[in-house]
Amino acid sequence: MEYTWLGHASMRLALGDQVLLIDPWLSNNPAFPDDRRAEALAGATAILLTHGHFDHASEIVEVAGETGVPVYTMVELAGHLAEAHGLETVGFNKGGTVQIGTVAVTMVAATHSSTMGGAATPVGDPVGFMIEADGRTVYVSGDTDVMADMAIWNDLHAPEIGILCAGGHYTMDMKRAAYAATKLFAFKTVIPVHYQTIPLLAQTADELVAAAPGVDVKTPAVLEPITL
């Protein structure tokens with residue numbers, strides 16, 4: 001499994017026979033170098049979208065067009081993207097699982113909000129994903145606070161890797177992400193996202209590292225692939 005951070009909460013995840021783009025926000029992402037766009041998108045086979053906020057979905061039409069791959073997301077958001085922009089989408093809902101090649105993706109809840117566009121049009125609920133391939137599972141939290149449901153998902157899915165929003169202000173912070181990682185999940189590895197991008201957000205993961213002893217907290221640079 002190979003993970004590549006694209007800055008903020010955007011990422012590439014190569015596992016099984018798939019290369020997944022998750023919440024691909026590249027243009028106007030302060031953390032992403034525009035001259036490496038082709039590298040970020042190369043080989044993508046599907047897009048997962050957690051919710052409609054601009055820092056996750058504002059470039060979904062362009063990215064889907066450039067890659068020519070379908071977008072998997074909450075059913076209302078999928079319908080909006082298909083009707084308004086003609087995108088190929090697969091809509092599903094919390095508790096549902098879709099099979100993308102050899103990769104199984106289960107949608108789980110997130111506690112946040114989800115709107116799109118200047119009029120703040122509601123586009124269904126925000127979500128996270130449990131992504132499984134080759135007998136391993138990774139949890140991508142999307143934007144959320146810590147919540148008790150996470151303990152149930154640990155029992156059901158036993159993810160060994162957590163990719164957790166942790167920047168604070170708009171999502172859970174490093175302390176709360178550490179609580180989720182150590183009290184509700186049993187992760188071997190945690191990767192923080194949704195931080196460093198703007199001054200309002202945490203600029204380092206030091207607090208997460210300190211509060212999650214025994215967990216391997218990885219903080220790769222943008223576009224630095226790591227093997228998990």
Side-chain angles (χ1 to χ4, degrees), residues 2-14 19-42 44 46-64 66-67 71-74 77 110-117 120 123 126-129 131 138-146 161-178 180-181 189-209 217-226 228:
E2 184 179 84
Y3 167 85
T4 306
W5 193 29
L6 304 180
H8 196 59
S10 302
M11 66 198 79
R12 284 172 60 100
L13 192 61
V19 178
L20 306 177
L21 297 176
I22 303 173
D23 290 352
W25 177 49
L26 306 181
S27 292
N28 300 315
N29 178 345
F32 184 82
D34 289 339
D35 61 349
R36 299 181 67 182
R37 182 183 183 89
E39 176 184 346
L41 301 183
I47 298 169
L48 302 182
L49 192 59
T50 65
H51 65 294
H53 286 163
F54 81 93
D55 55 332
H56 298 255
S58 61
E59 207 180 355
I60 191 64
V61 175
E62 291 78 7
V63 171
E66 289 174 49
T67 58
V71 180
Y72 293 77
T73 190
M74 170 56 71
L77 180 51
T111 179
H112 192 63
S113 56
S114 181
T115 59
M116 179 170 272
V123 283
V127 299
F129 300 108
I131 305 171
V138 54
Y139 167 53
V140 177
S141 72
D143 284 10
T144 191
D145 187 16
V146 64
I161 300 164
I163 303 175
L164 306 180
C165 61
H169 195 83
Y170 297 108
T171 71
M172 61 184 173
D173 59 15
M174 295 291 172
K175 178 180 179 181
R176 298 168 86 84
T189 303
V190 165
I191 305 171
V193 296
H194 212 288
Y195 78 118
Q196 292 187 345
T197 326
I198 58 174
L200 275 174
L201 306 181
Q203 298 302 301
T204 77
D206 292 350
E207 186 177 7
L208 173 58
V209 172
V217 179
K218 295 188 180 297
T219 57
V222 171
L223 286 166
E224 174 194 343
I226 60 171
L228 300 169

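- The shortest non-hydrogen separation linking T171 to A166 is OG1-N, 4.0 Å.
- Side-chain N or O atoms of E2 include none that pairs as donor or acceptor with a backbone N or O of I226 at under 3.5 Å.
- When every heavy atom of V123 is checked against every heavy atom of G52, the shortest pair comes out as CG2-CA, 4.1 Å.
- The minimum heavy-atom distance between R12 and A40, with the atom names listed, is NH1-O, 2.8 Å.
- Closest non-hydrogen pair, T73 versus L49, comes out as OG1-O, 2.7 Å.
- Taking all atoms of both residues into account, the shortest heavy-atom contact from P126 to S114 is N-CB, 3.9 Å.
- Formation of a donor-acceptor pair under 3.5 Å by the T67 side chain with backbone atoms of V63 is found in this model.
- T189 places no side-chain N or O within donor-acceptor distance of the main-chain N or O of I161, the cut-off being under 3.5 Å.
- The aromatic rings of H51 and H112 lie perpendicular to each other, with more than 60° between the two planes, well past the 30° mark.
- With respect to E62 and R37, no salt bridge is recorded, no charged nitrogen being found less than 4.0 Å from a carboxylate O.
- If you take CG on D34 and OG on S27, they are separated by 5.5 Å, rounding to the nearest 0.5 Å.
- To the nearest 0.5 Å, atoms NZ (K218) and CG (L228) are separated by 7.0 Å.
- Listed for the T4 side chain is no donor-acceptor partner under 3.5 Å among the backbone atoms of E224.
- Within the 3.5 Å criterion, the main-chain N or O of A202 finds no donor-acceptor partner in the side chain of E207.
- Taking Y195 as the reference, W5 meet the ring-ring contact (aromatic ring centres under 6.0 Å, His included) condition, with sequence neighbours excluded.
- A donor-acceptor contact shorter than 3.5 Å links the side chain of Q196 to the backbone of Q203.
- Here H194 and H169 keep their ring centres 6.0 angstrom or further from each other.
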Do D143 and H56 pass the side-chain hydrogen bond (donor to acceptor under 3.5 Å, both in side chains) test, and can you show the C-alpha distance, the side-chain angles, and the key distance before you say yes or no?
-> CA-CA 10 Å; D143 284 10; H56 298 255; 3.0 Å; yes

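- Within the model, atoms CD1 of I22 and CG of L6 stand 9.5 Å from one another, a figure rounded to the nearest 0.5 Å.
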Decide side-chain hydrogen bond (donor to acceptor under 3.5 Å, both in side chains) for T50 and D23; before the verdict, give the C-alpha distance in whole Å, the side-chain angles of both, and the deciding distance to 0.1 Å.
-> CA-CA 7 Å; T50 65; D23 290 352; 2.7 Å; yes

Decide side chain to side chain contact (heavy atoms under 4.5 Å, CB included) for V190 and L164; before the verdict, give the C-alpha distance in whole Å, the side-chain angles of both, and the deciding distance to 0.1 Å.
-> CA-CA 7 Å; V190 165; L164 306 180; 4.0 Å; yes

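- Taking both residues in full, the closest heavy atoms of I191 and P220 are given as CG2-CD, 4.3 Å, listed atom of the first, atom of the second, then distance.
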V138 vs I163, side chain to side chain contact (heavy atoms under 4.5 Å, CB included): CA-CA, chis, key distance, verdict | CA-CA 7 Å; V138 54; I163 303 175; 3.9 Å; yes

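- Residues satisfying the ring-ring contact (aromatic ring centres under 6.0 Å, His included) criterion with W25, sequence neighbours excluded, are H8, F54.
- A heavy-atom distance below 4.5 Å is found between the side chains of I47 and P24.
- Of the candidates L20, V140, L48, V140 is the only one forming a side chain to side chain contact (heavy atoms under 4.5 Å, CB included) with M11.
- Evaluation of the ring-ring contact (aromatic ring centres under 6.0 Å, His included) rule for Y170 yields no partner, not counting sequence neighbours.
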